[in-house]
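Report on the structure given below.
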Amino acid sequence: MDSRFTPRSRLADKTSYRRVFEKAERSRDNMFTVLYRPNGTDVPRLGLAISKKNCRLATGRNRLKRIVRESFRHHRTELPGLDIVVMNQPAAARANNNALFGSLDAHWRQCNQRHSEKAGKS
RNA sequence: AGAGUCGGCCAGGCAAUCGCUGUGUUUCCGUAAAGAAAUGCAGAGGAAAGUCCGGGCUCCGUCAGGCAGGGCGCCAGGUAACACCUGGAGGGUGCGAGCCCAUGGAAAGUGCCACAGAAAAUAUACCGCCCGCAUUUGUUUGCGGGUAAGGGUGAAAUGGUGCGGUAAGAGCGCACCGCGCGGGUGGUAACACUCCGCGGCACGGCAAACCCCGCCUGGAGCAAGACCAAAUAGGGGAGCAUGUGGACCGCUUGGUCCACUCCGGGCCUGAACGGGCUCCCGGGUAGGUUGCUUGAGGCAGUCGGUGACGGCUGUCCCAGAUGAAUGAUUGUCCACGACAGAACCCGGCUUAUGGCCGGCUCUUUCU
RNA sequence: CGGGGCGUAGCGCAGCCUGGUAGCGCACCACAAUGGGGUUGUGGGGGUCGGAAGUUCGAAUCUUCUCGCCCCGA
């Protein structure tokens, strides 16, 4: 199983982010808001939008980014071709690592489920 | 043992698995570039923070210099430079080790000092004290003068103590202390000493009020700056094709030259113009590349210096990301892990913060 | 990352340069006026001047440090 996380699997520029923010499905709990939109390929891509407002210290923001990347790369092969942007909620700054991983697992499952439902309909 | 004070050091370790960034080597794929794989090496801080100072670097401006504005401010040294550091001087504070100080000038000038108080700075006199004259039953009142010891006000009141002196007093005189000026001695200097002379004292505070004196200072900042440069729109140029009318040349096909200008309104006409195509040029947006890490560099030794620091020798290369890299999981050990994440780079300051070690001081107890 | 600005009553602001009394509007409370309400008039209450040090006799004001918020530069 390939669980690497390369530059190919990231949202690289402003236009990619704008594309997701313009029109996206949403999955949300008290730790993260996850936006996603099909990108027309087989590989999922991840973008991070960790706000200073919801997490004041730079070390805290770095921690959240690492957790999200770590979780993403473990589930990369299970996910369809989506552009995903993860945003943080205030509660995430105070949560421990296990809680964050649990929350992200749920988000990935929801992405997968909703996407396959849509694909089935169309 | 407790309390305090100063200085130095560390910033969880190890193992396994899965990953991230840079870079070297090898292999694969390719004309090449790019890419992929394997593997080696390296990969956040003492504050990376606040952005409060000082520099380097870059662009703009610029003869030198001066003014304005801003900054600094005991002395000497260190430094690329500083508001930093070291050593010293003088104050303040603490029993002490120590700590703190924007610490030049108020006899260059201007200004301010609320309330209270007689008076807040040229001095002056409310209650008093004293003398003289007048007055009164009565040292009661009034007038004139002397005085600044005492009272009271205030943050601050015009040297202090003692003796002499006097009507009462007063540097009025004297002694000691303090102060100022000059000289001397020690020190590079700030300053100190008081062996000496002079001055009876002439000098309230505030310069983080204006200011004066001395020294420093051009402006902006890596989102600086440099380079490459799509699409679309627009600018400039060249060429091709092309309408109408008139004139000219020509036997004809045809050719040449000129005009059809701009704004507003009306009418007529709907032939033409406005238009189309191709190429080139520079400006420049998205985007990309660069600036980007070898430096006032680290470590070790040695020499000079009280020290900050400097000289010499040897040795090492030690993050360079760009939605932004150091992590996750598990095991294990212990002190059970605080504050906290580089973004052009250095030197400081300040603030946040866990622990360890050492020197010194005070208190208590024991020997 | 760099550059600049602002914190004063519940809200919006003045006062700060030139230091001694914190003021204005809206809001709030009471009274008057009305049958009642609004409008109006009169009076009143309410402020650690973001926080901590320093200078000064005295600081919202001057100086330093610190906390929070806002704006600008791709």
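Treat the numbers as computed from the prediction; the structure is a model and nothing was measured. Protein chains get the first letters and strands the later ones, always in sequence-line order, with residue 1 at the start of each.
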query = Would you call A:Asp83 and A:Arg45 a salt bridge, taking side-chain N to carboxylate O under 4.0 Å as the test?
reply = yes
note = Relative to its sugar, using the 90° cut-off around 0, the base of B:C318 is syn
Whole-Å gap separating C1' (B:G19) and CG (A:Leu46) = 14 Å
query = Any sub-3.5 Å donor-acceptor pair from A:Tyr17's side-chain atoms to A:Ala49's backbone N or O?
reply = no
key: Nucleotide paired to C:G35 in any strand shown, Watson-Crick or G-U, under 3.5 Å   = none
request  = Using the C1' atoms only, state how far B:C216 lies from B:G55, rounded to an integer number of Å.
outcome  = 14 Å
query = How would you label the glycosidic angle of B:A47: syn (within 90° of 0) or anti?
reply = anti
query = Just to confirm, is there a sub-4.0 Å distance from OP1 or OP2 of B:G341 to any side-chain nitrogen or oxygen of A:Thr59?
reply = yes
query = Since syn is defined as within 90° of 0, does B:G46 count as syn or as anti?
reply = syn
message = Rounding to an integer number of angstrom, what distance separates C:G54 and B:C101 when you compare their C1' atoms?
response = 11 Å
query = Using the P atom in both, what is the distance from B:C317 to B:G24, to the nearest Å?
reply = 16 Å
ask   = Does A:Leu11 or A:Ala58 map to a spot on RNA chain B nearer the 5' end, using the closest nucleotide for each?
value = A:Leu11
inquiry  = Using the P atom as the point on both nucleotides, what is the distance between B:G311 and B:A80, in whole Å?
reply    = 8 Å
query = What integer number of Å spans the P atoms of C:C65 and B:G54?
reply = 13 Å
message = In whole Å, measure the gap between the P atoms of B:C59 and B:A226 for me.
response = 8 Å
query = What integer number of Å spans the C1' atoms of B:G291 and B:A11?
reply = 34 Å
inquiry  = Checking understanding here: a glycosidic angle within 90° of 0 is syn, the rest anti, so what is B:A38?
reply    = anti
Pairing partner of B:U153 (Watson-Crick or G-U wobble, both distances under 3.5 Å) = none
key: Nearest-angstrom distance from the residue atom CZ of A:Arg61 to P of B:A325   = 11 Å
query = Reckon A:Arg69 has a side-chain N or O less than 4.0 Å from the OP1 or OP2 of B:A325?
reply = yes
request  = Rounded to the nearest 0.5 Å, what's the gap from NE2 on A:His115 to CD on A:Gln110? Could you check?
outcome  = 14.0 Å
ask   = Which base sits across from B:U147 as a Watson-Crick or G-U pair, both distances under 3.5 Å?
value = B:G128
request  = Give the rounded distance in Å between these two atoms: CD of A:Glu70 and C1' of B:U17.
outcome  = 12 Å
inquiry  = Assess, by modelled atom type and distance only, whether the side chains of A:Arg61 and A:Asn88 contain a donor and an acceptor separated by less than 3.5 Å.
reply    = no
message = Whether A:Glu25 and A:Arg114 form a salt bridge (side-chain N of Lys/Arg under 4.0 Å from carboxylate O of Asp/Glu) is what I want to check.
response = yes
request  = Rounded to the nearest angstrom, tell me the gap between atom CG in A:Asn88 and atom C1' in B:G323.
outcome  = 13 Å
query = In the strands shown, is B:G159 matched to any nucleotide by a Watson-Crick or G-U wobble pair with both distances under 3.5 Å, and which?
reply = B:C177
task = Could you tell me whether the side chain of A:Asp29 and the main chain of A:Phe32 form a donor-acceptor pair under 3.5 Å?
result = yes
key: Nearest-angstrom distance, P atom, B:C273 to B:C262   = 14 Å
Atom pair distance, as rounded to whole Å: CG in A:Asn62 and P in B:A49 = 13 Å
query = Across all strands, who's sitting opposite B:U135 as a Watson-Crick or G-U wobble pair, both distances under 3.5 Å?
reply = none
inquiry  = Quick one: does any side-chain atom of A:Ser116 pair with a main-chain N or O of A:Asn112 as donor and acceptor, under 3.5 Å?
reply    = yes
request  = Answer yes or no: side-chain N or O of A:Arg73 and base N or O of B:C20 forming a donor-acceptor pair under 3.5 Å.
outcome  = no
Nucleotide B:A325, atom C1' - distance to CG of A:Leu64 in whole Å = 17 Å
inquiry  = What is the distance, to the nearest angstrom, from the CG atom on A:Leu48 to the P atom on B:G323?
reply    = 11 Å
Under 3.5 Å donor-acceptor pair, A:Arg66 side-chain atoms to B:G19 base atoms = no
message = For C:C17, does the O4'-C1'-N9-C4 or O4'-C1'-N1-C2 angle fall within 90° of 0, making it syn, or is it anti?
response = syn
key: Watson-Crick or G-U wobble mate for B:A231, both contacts under 3.5 Å   = none
key: A:Leu57 CG to B:A338 P, straight-line distance once rounded to whole Å   = 13 Å
ask   = Closer to the 5' end of RNA chain B via nearest nucleotide, is it A:Ala49 or A:Phe101?
value = A:Ala49
inquiry  = Could you identify the nucleotide paired to B:G94, looking across every strand shown and requiring Watson-Crick or G-U wobble geometry with both distances under 3.5 Å?
reply    = none
note = Scanning both residues in full, the closest heavy-atom pair of A:Pro44 with A:Pro80 reads CB-O, 3.3 Å
ask   = So which nucleotide does B:G186 pair with, by the Watson-Crick or G-U wobble rule with both distances under 3.5 Å?
value = B:C191
remark   = Closest to the side chain of A:His74, out of B:G323, B:C18, B:U329, is B:C18
